[in-house]
There are 2 protein chains.
Amino acid sequence: MKPYIDILKNKGLKITPRRKAIIDIFVNCHKHLTSEGVWSLLSNEFDKCGLPSVYRNLETLVECGILTRIQQFDRKKHYGLCTEHHNHPHHHITCISCGKVEELGACEMDNKRIIKGYKVVNHFMQVNGICAGCSK
Amino acid sequence: MKPYIDILKNKGLKITPRRKAIIDIFVNCHKHLTSEGVWSLLSNEFDKCGLPSVYRNLETLVECGILTRIQQFDRKKHYGLCTEHHNHPHHHITCISCGKVEELGACEMDNKRIIKGYKVVNHFMQVNGICAGCSK
DNA sequence: ATTATAAACAGAAATAATTTCTATTTAAGG
DNA sequence: CCTTAAATAGAAATTATTTCTGTTTATAAT
Ligand SMILES: [Mn+2]
Ligand SMILES: [Mn+2]
Ligand SMILES: [Zn+2]
Ligand SMILES: [Zn+2]
């Protein structure tokens with residue numbers, strides 16, 4: 001919790017109740033959630049909470065490296081806590097059953113500057129699986 | 001052109017003027033296009049052409065392995081020709097300037113069955129760059 | 001060639017995730 | 001305690017995609 005607050009502070013962003021609550025949700029569940037999933041959980045805590053605020057805050061937290069974001073083919077963005085390597089590129093593996101997120105180390109693409117004549121700008125990798133808990 | 005038609009035939013799908021035209025578009029441009037981009041090009045050829053048909057056909061062609069599809073954070077699906085390895089998992093590198101698509105060989109994930117206790121179900125990789133032509 | 005039939009189609013309307021806009025509230029520094 | 005820019009709520013707009021319905025067409029069987 002604390003280190004995430006510090007990231008916000010260092011970037012000159014306000015520590016608002018909504019931001020703390022959103023970070024708290026992810027710290028406690030370690031899952032990927034959709035914007036609406038987060039919104040739904042926030043409604044337990046706040047009488048009033050606008051969906052646009054949720055969207056705005058989730059994107060802000062992604063920009064800070066606190067959250068990771070994946071775009072599934074279901075047209076929804078999914079957000080999860082990015083627990084380490086805040087400034088290093090890395091990827092995540094997600095459980096398609098329970099939504100749990102874990103970090104993967106550096107991948108072979110991270111070093112490559114040129115591939116097939118293309119100057120590499122960025123790359124994105126998403127691995128989906130079934131976690132040990134859900135396999136049982 | 002011919003081999004793509006054969007894929008459709010083998011799957012018992014009809015060879016319609018729209019399908020031929022869509023394949024033709026991709027064969028001639030080797031770029032990623034959005035659904036609306038394809039629709040716009042089809043309008044040059046057909047007086048009447050419904051956007052729902054374009055969506056339906058693009059998805060059909062993806063299922064056949066003729067096209068590859070990526071989901072960008074712009075909320076749009078992008079489609080490109082998948083020229084080889086029709087039955088082998090592989091990835092693509094895309095030029096963010098001109099949209100050109102090229103194939104990448106197998107990646108390190110392809111062999112892995114278990115990662116961090118997760119039974120791997122599938123993975124997705126997208127590499128973006130600037131092609132040789134656009135670098136000049 | 002003609003016909004039968006399921007697949008493909010057009011067009012309109014609906015859906016739903018996300019964004020934009022505006023007025024109001026609030027966190028944080030002095 | 002003030003001040004102020006950032007954050008927020010709520011309504012409305014946007015837009016990629018899907019659904020629905022009635023019509024057309026590719027293809028196989030006659
Ligand atoms: Mn991470
Ligand atoms: Mn391919
Ligand atoms: Zn799981
Ligand atoms: Zn290019």
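Throughout, protein chains are lettered first and strands after them, A, B, ... in sequence-line order, and every chain is numbered starting at 1.
Between B:D24 and B:K20, none of the side-chain N atoms (NZ, or NE/NH1/NH2) sits under 4.0 Å from a carboxylate O, so this pair counts as no salt bridge. The residues B:E63 and B:K11 are annotated as not salt-bridged, no charged nitrogen and carboxylate oxygen being separated by less than 4.0 angstrom. Salt bridge B:K116/A:E103: absent, no basic N to carboxylate O contact under 4.0 Å.
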Check nucleotides 16-23 of chain C against the protein and report each pair of N or O atoms closer than 3.5 Å, with its distance, or say if there are none.
| residue | atom | partner | partner atom | Å |
| --- | --- | --- | --- | --- |
| C:dA17 | O3' | A:R75 | O | 3.2 |
| C:dA17 | N3 | B:R75 | NH2 | 3.0 |
| C:dT18 | OP1 | A:K77 | N | 2.9 |
| C:dT18 | OP2 | A:Y55 | OH | 2.8 |

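If you measure from atom CD1 of B:I15 to atom P of C:dC9, you get 11 Å, rounded to the nearest angstrom. With rounding to whole Å, B:L58 atom CG is found 14 Å from C:dA8 atom P. Atoms CG (B:L42) and P (C:dA8) sit 16 Å apart, rounded to a whole Å. As a whole-Å value, the separation of A:K14 NZ from D:dT3 P is 16 Å. Distance CG (B:N57) to P (D:dT25): 15 Å, rounded to an integer number of Å. When the P atom of D:dA6 is taken as reference, atom NZ of A:K11 falls 16 Å away, rounded to whole Å. If you take CZ of B:F46 and P of C:dG11, they are 13 Å apart, rounded to a whole angstrom. Distance NZ (A:K20) to C1' (C:dA27): 10 Å, rounded to an integer number of Å.
Proximity of the aromatic rings of A:H123 and B:H91 is defined here by a centroid distance below 6.0 angstrom, and this criterion is not met. Remark: aromatic rings of B:H78 and B:H92 are distant, center separation not under 6.0 Å.
Place A:L13 and B:G50 on DNA chain C by their nearest nucleotides, and B:G50 ends up nearer the 5' end.
Side chain of A:R19 to backbone of A:N57: no donor-acceptor contact under 3.5 angstrom is found.
In this structure, A:E45 places its CD atom where more than 12 heavy-atom neighbours from other residues, nucleotides or ligands lie under 6.0 Å away.
Between B:T16 and C:dC9 there is a side-chain N or O to OP1 or OP2 distance below 4.0 Å. Taking 4.0 angstrom as the limit, A:K48 places a side-chain polar atom (N or O) nearer than this to OP1 or OP2 of D:dG10.
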